[in-house]
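Working notes for the structure below.
If you read the sequence from its start, that first residue is 1, and numbering goes on from there.
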Amino acid sequence: MTYEELKELLAITHNPMTLTREMVPTLPGLYVWRSKHDDSIEYIGKASGKNGLRGQVWRQHLNPIYLESRPDKIAQDDAQRGFNILHNGKLCIDKSVFRRSIGKAHQLSPGVETVRHIRENCTIAWVTFSSDLLEYIPRWELDLIKDYPPRLNKAGNRHS
C-alpha cells in the first residue's frame with residue numbers, strides 16, 4: 001500500500017449509528033473521524049494495540065463507560081470536571097483524548113453525552129495494516145495530520 005492508496009481507502013466511511021462491534025477490525029490501523037455535516041476531518045488516530053481498531057474505536061471512543069477517575073488526570077481537565085459525572089462512586093472525565101476534545105468543543109458531559117454526539121454527528125473511516133506495513137502507521141498518522149489538519153487533534157499530539 002502507498003500513502004496515496006491509504007488516502008483513497010480513508011474515503012470509505014462507516015456510520016457509527018449502525019456500527020456493531022463485529023464490524024470493527026481487530027487489526028492495527030489508522031482511522032479518521034469526520035463530521036457528518038460538512039465531511040471535515042475531526043480527528044485522526046492510530047490503533048496499534050493488541051485489539052487493533054476494535055480496541056481503539058469500539059472499546060474506547062464508542063464505549064460510554066471508558067472513563068478516567070485518577071485525580072491527577074481529572075485535575076488537568078477543567079471542562080469535563082465541572083459536570084461532576086460519577087462512575088463507581090468516583091468523579092470521572094472521558095479517558096479518550098478524542099472524546100475529551102468533543103466534550104470540550106461542544107460543552108458535553110463525559111460518557112453518554114460525548115458518545116451520543118459522536119454517533120449522531122460523525123462518520124469513521126479506517127484502514128488496516130498487514131504486519132509487513134506496521135512500521136508505516138506512526139509516520140502516516142503524522143503525515144495525515146499535517147496534510148489534513150483535524151479540528152480536534154492536539155497540536156503535536158502523537159498519542160491517539
Side-chain angles (χ1 to χ4, degrees), residues 1-68 73 76-77 79-80 83 85 92-129 133-134 136-160:
M1 172 178 13
T2 67
Y3 183 64
E4 291 305 315
E5 291 170 327
L6 169 74
K7 291 191 292 186
E8 288 176 25
L9 290 169
L10 286 171
I12 302 167
T13 62
H14 307 273
N15 183 346
M17 292 294 282
T18 57
L19 201 60
T20 64
R21 179 182 178 276
E22 292 71 29
M23 293 168 71
V24 184
T26 56
L27 296 170
L30 290 169
Y31 60 92
V32 174
W33 286 103
R34 295 178 180 271
S35 167
K36 284 183 182 177
H37 307 290
D38 61 8
D39 204 38
S40 62
I41 295 178
E42 300 283 303
Y43 192 83
I44 296 171
K46 66 179 175 288
S48 51
K50 69 175 184 165
N51 295 305
L53 288 158
R54 186 177 296 166
Q56 193 76 16
V57 173
W58 191 261
R59 287 186 177 173
Q60 295 179 19
H61 297 314
L62 296 176
N63 177 1
I65 61 169
Y66 186 70
L67 298 166
E68 175 64 71
K73 297 291 183 180
Q76 298 171 14
D77 194 306
Q80 286 199 326
F83 285 100
I85 297 297
C92 294
I93 60 172
D94 279 317
K95 198 169 187 176
S96 157
V97 172
F98 171 56
R99 282 187 17 209
R100 275 199 312 271
S101 297
I102 288 278
K104 186 175 184 177
H106 299 282
Q107 299 180 344
L108 301 170
S109 65
V112 172
E113 280 194 38
T114 52
V115 171
R116 181 182 307 122
H117 180 88
I118 293 166
R119 287 185 178 274
E120 292 175 355
N121 296 285
C122 298
T123 62
I124 185 168
W126 60 69
V127 174
T128 60
F129 284 70
L133 295 175
L134 294 179
Y136 292 99
I137 292 176
R139 185 177 78 209
W140 283 353
E141 177 195 27
L142 293 176
D143 289 347
L144 286 168
I145 290 170
K146 184 182 80 176
D147 293 346
Y148 306 98
R151 194 170 68 89
L152 298 173
N153 282 77
K154 290 185 177 181
N157 181 15
R158 296 183 78 121
H159 304 285
S160 338

Exercise. Answer yes or no: are there more than 12 heavy-atom neighbours, outside K104 itself, under 6.0 Å from its atom NZ?
Key: no
Self-check item: Pair I93-R99, side-chain contact (heavy atoms from CB on, under 4.5 Å): steps then yes or no
Solution: CA-CA 9 Å; I93 60 172; R99 282 187 17 209; over 6 Å; no
Quiz prompt | Exercise: identify the closest heavy-atom pair between P150 and E42 | solution = CB-O, 3.5 Å
Exercise. Considering only NZ, NE, NH1 and NH2 on the basic side and carboxylate oxygens on the acidic side, decide whether K46 and E141 come within less than 4.0 Å.
Key: yes
Quiz item: Is any NZ, NE, NH1 or NH2 atom of the basic residue among R100 and D94 found under 4.0 Å from an Asp or Glu carboxylate oxygen of the other?
Solution: no
Quiz item: What's the verdict on side-chain contact (heavy atoms from CB on, under 4.5 Å) for Y136 and T2, showing C-alpha distance, side-chain angles and the deciding distance?
Solution: CA-CA 10 Å; Y136 292 99; T2 67; over 6 Å; no
Quiz item: Which heavy atom in Q56 sits nearest to a heavy atom in Q60, and how many Å separate them?
Solution: O-CB, 3.1 Å
Self-check item: Steps toward side-chain contact (heavy atoms from CB on, under 4.5 Å) verdict (V24, Y31)
Solution: CA-CA 11 Å; V24 184; Y31 60 92; over 6 Å; no
Quiz prompt | Distance (rounded to the nearest 0.5 Å) between T26 OG1 and K50 NZ | solution = 12.0 Å
Quiz item: What are the two closest heavy atoms between G29 and I137, and how far apart are they?
Solution: N-CD1, 4.0 Å
Practice problem: List the atom of L62, the atom of L19, and the distance in Å for their closest heavy-atom pair. | Solution: CD1-CD2, 3.9 Å
Quiz item: CH2 of W33 to CD1 of I118: how many Å apart, nearest 0.5 Å?
Solution: 5.5 Å
Quiz item: Where does the angle between the aromatic ring planes of F129 and W140 fall among parallel (under 30°), tilted (30 to 60°) and perpendicular (over 60°)?
Solution: tilted
Quiz item: Can you name the closest pair of heavy atoms from E5 and M1 and give their distance?
Solution: OE1-CA, 3.0 Å
Quiz item: Above 12 or not: heavy atoms from other molecules or residues under 6.0 Å from CG of L134?
Solution: yes
Exercise. Mind listing the closest non-hydrogen atom pair of C92 and P110 along with its distance?
Key: O-CG, 3.6 Å
Practice problem: Determine, step by step, whether Y43 and H61 satisfy the side-chain hydrogen bond (donor to acceptor under 3.5 Å, both in side chains) criterion, reporting the C-alpha distance in whole Å, the side-chain angles of both residues, the deciding distance to 0.1 Å, and the verdict. | Solution: CA-CA 11 Å; Y43 192 83; H61 297 314; 5.8 Å; no
Quiz item: How long is the span from the NE2 atom in H106 to the NE2 atom in H117, to the nearest 0.5 Å?
Solution: 3.5 Å
Quiz prompt | Reported OG-to-CG distance for the pair S48 and L27, which is rounded to 0.5 angstrom | solution = 12.5 Å
Self-check item: Flag if over 12 foreign heavy atoms under 6.0 Å of CZ, R59
Solution: no
Atom pairs and distances, side-chain donor-acceptor, residues 8-18, under 3.5 Å, sequence neighbours left out:
unit_1 : atom_1 : unit_2 : atom_2 : d
N15    : OD1    : M17    : N      : 2.8
N15    : OD1    : K36    : NZ     : 3.0
T18    : OG1    : N15    : O      : 3.2

Quiz prompt | Rounded distance (nearest 0.5 Å) linking atom OG1 of T114 with atom CD1 of I102 | solution = 8.0 Å
Quiz item: Just how far is it from atom CG of N153 to atom OH of Y148, taken to the nearest 0.5 Å?
Solution: 14.5 Å
Exercise. Please report the C-alpha distance between R54 and R21 in whole Å, then the side-chain angles of each, then the deciding distance to 0.1 Å, and finally whether the side-chain contact (heavy atoms from CB on, under 4.5 Å) criterion is met.
Key: CA-CA 7 Å; R54 186 177 296 166; R21 179 182 178 276; 3.5 Å; yes
Quiz prompt | Counterpart residues, side chain to side chain contact (heavy atoms under 4.5 Å, CB included), relative to E113 (two or more places apart) | solution = L108, S109, R116
